[in-house]
Amino acid sequence: MPNIIGPLALDGPVASGKSSVGRTLAKQLGWVFADTGLMYRAIGYLMVHHDIESSDSKYLLELTHKATIDIRHEKVMLNGENITAHIRSPKVANSASIAAESSEIRELMVEEQRKIAADTNGKIVMVGRDITSIVIPEAPFRFFLDASSSVRAKRRLTEQIETNPNLSISEVKKAIDNRDKRDMERDASPLTLSKGTRLINTEHLSLNSVVDEIMRLIGNSKTS
Ligand code: C5P
């Protein structure tokens, strides 16, 4: 692979494979991997912890302003505490997507994410919902992964069934549909396929085929 300089921005709905694909791409390229969903999950954790239900809460904004969130090495450190083990629950995920509706909260997250990207001199794979459209729209490599919500629900169920054997496919699909709807219909930076971003339908593709396809596309690109 020639000497490629990114960043590579990757967006997509819940369980579209962006984190697994992004992590693998970063490994192959020797770049940093940043999963920005972890930052919103840290805020979701704060909401659950402080019993806050609305993203309009002044207290939540105050807590977010004061919070230090570090997502390096895929560990989530919130105000110095390692909360990695607590952020994968459906409750935290749901609260994260409620927090993500707030434009004030998003501004704080985006500022931090741009700093993370700038510190890597382009050697970063950053994944989320607004990376291609808002955080680093100037990134030379921009991809949007998608698949039907039934396929995504099956993938999510496979990941979660071990820790939660009572989980049903319909429950998982409902949670995915709710979160997608909120992410796509919010006023502040909704999840959308922006101009110049390449759509990849992962419906019938394995993780490795998606990674190979993206590696092929960036290897063939004019900027390489
Ligand atoms: O990607 P993940 O499912 O961990 O993200 C949790 C939630 O954080 C999403 O449902 C979305 O509402 C929000 N999010 C966002 N913008 C990002 C990353 C995540 O709004 N860049």
Side-chain angles (χ1 to χ4, degrees), residues 7-23 26 32-48 52-56 60 64 67 69-72 74-76 78 83-117 124-137 139 142-147 149 152-153 155-157 159-160 172-194 197 202:
L8 190 154
L10 189 56
D11 284 325
V14 178
S16 52
K18 56 193 185 309
S19 299
S20 314
V21 167
R23 188 180 299 114
V32 171
F33 172 60
D35 181 353
T36 59
L38 298 178
M39 296 178 74
Y40 290 92
R41 282 174 185 262
I43 306 300
Y45 172 84
L46 277 177
M47 289 176 76
V48 173
I52 301 171
E53 284 181 358
S54 157
S55 63
D56 290 336
L60 179 63
T64 308
I69 303 170
D70 183 351
I71 57 161
R72 278 175 300 175
E74 286 198 75
K75 256 197 331 209
V76 188
L78 172 67
I83 60 160
T84 317
H86 309 293
I87 52 143
R88 288 286 163 205
S89 73
K91 196 158 186 208
V92 168
N94 191 52
S95 295
S97 79
I98 294 174
E101 289 180 306
S102 155
S103 52
E104 284 105 323
I105 291 176
R106 300 199 72 83
E107 246 172 62
L108 294 169
M109 300 297 114
V110 169
E111 193 186 334
E112 200 51 44
Q113 291 154 11
R114 286 186 179 144
K115 272 192 215 151
I116 295 174
I124 187 167
V125 176
M126 186 171 270
V127 309
R129 303 290 190 292
D130 59 346
I131 312 305
T132 55
S133 56
I134 304 286
V135 181
I136 39 172
R142 300 187 303 281
F143 298 95
F144 188 107
L145 302 189
D146 206 359
S149 68
R152 291 185 285 120
R155 291 180 189 157
R156 195 40 53 102
L157 185 69
E159 282 164 22
Q160 295 185 339
V172 177
K173 186 171 176 304
K174 195 169 162 214
I176 285 182
D177 287 341
N178 278 343
R179 214 141 58 88
D180 281 350
K181 185 167 168 17
R182 215 178 275 135
D183 287 342
M184 290 189 274
E185 292 183 0
R186 67 182 174 223
D187 292 331
S189 318
L191 171 68
T192 180
L193 175 65
S194 46
T197 296
T202 70

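Ligands are counted one by one from 1 in listed order, and the atoms in each one are counted from 1 as well.
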Worksheet item: Could you state the interatomic distance from CD1 (I98) to OH (Y40), rounded to the nearest 0.5 Å?
Response: 15.0 Å
Item to complete: Note the single closest protein heavy atom to atom 4 (O) of ligand 1, along with its residue, its atom name and the distance in Å.
Response: R41 NE, 2.6 Å
Fill in: Side chain, backbone, both or neither: M39 near ligand 1, heavy atoms under 4.0 Å
neither
Discussion item. Measuring from atom OG of S19 to atom CG of D35, what distance do you get when rounded to the nearest 0.5 angstrom?
Written reply: 3.5 Å
Worksheet item: Going by atom types alone, do S97 and R179 pair a side-chain donor with an acceptor below 3.5 Å?
Response: no
Response to the item:
A student checking ligand 1 against A100 at a 4.0 Å heavy-atom cut-off should list atoms 12 (O), 13 (C), 20 (O)
Worksheet item: Is the side chain of R152 donor-acceptor paired with the backbone N or O of A147 at a distance under 3.5 Å, no angle test?
Response: yes
Discussion item. Taking P137's backbone N and O only, do any of them form a donor-acceptor pair with T132's side chain (distance below 3.5 Å, no angle check)?
Written reply: no
Worksheet item: For atom 18 (C) of ligand 1, which protein heavy atom lies nearest, and how many Å away is it?
Response: T36 OG1, 3.4 Å
Discussion item. If we set the cut-off at 4.0 Å for heavy atoms, which region of R186 has an atom near ligand 1: side chain, backbone, both, or neither?
Written reply: side chain
Response to the item:
Any heavy atom of R129 under 4.0 Å from ligand 1? The part involved is both
Response to the item:
Looking only at protein heavy atoms, what sits closest to atom 8 (O) of ligand 1 is Y40 CB, 3.3 Å
Worksheet item: Nearest non-hydrogen atom to atom 10 (O) of ligand 1 belongs to which of R179, Q113, M184?
Response: R179
Response to the item:
min-distance protein heavy atom vs atom 16 (N) of ligand 1 -> R106 NH2, 3.0 Å
Discussion item. Please determine whether side chain to side chain contact (heavy atoms under 4.5 Å, CB included) holds for the pair M109 and D130, giving the CA-CA distance in whole Å, both sets of side-chain angles, and the decisive distance to 0.1 Å.
Written reply: CA-CA 11 Å; M109 300 297 114; D130 59 346; over 6 Å; no
Practice prompt. Please could you name the atoms of ligand 1 that S97 approaches to less than 4.0 Å, counting only its heavy atoms?
Written response: 10 (O), 12 (O)
Worksheet item: Which heavy atom of the protein is the closest neighbour of atom 5 (O) of ligand 1, given with residue, atom name and distance?
Response: G37 CA, 3.6 Å
Item to complete: Might you work through the salt bridge (Lys or Arg N to Asp or Glu O under 4.0 Å) test for K173 and D177, ending with a clear yes or no?
Response: CA-CA 6 Å; K173 186 171 176 304; D177 287 341; 2.9 Å; yes
Discussion item. For R155 and T202, which I'm curious about, is there any donor-acceptor pair between the side chains at under 3.5 Å?
Written reply: yes
Worksheet item: How close does the nearest protein non-hydrogen atom get to atom 12 (O) of ligand 1, and which residue and atom is it?
Response: D183 OD1, 2.5 Å
Discussion item. Suppose I only count heavy atoms of D130 and a 4.0 Å limit; which atoms of ligand 1 are within that range?
Written reply: 16 (N), 17 (C), 21 (N)
Discussion item. Given 3.5 Å as the limit, does a donor-acceptor pair link the side chain of S194 with the main chain of T197, or not?
Written reply: no
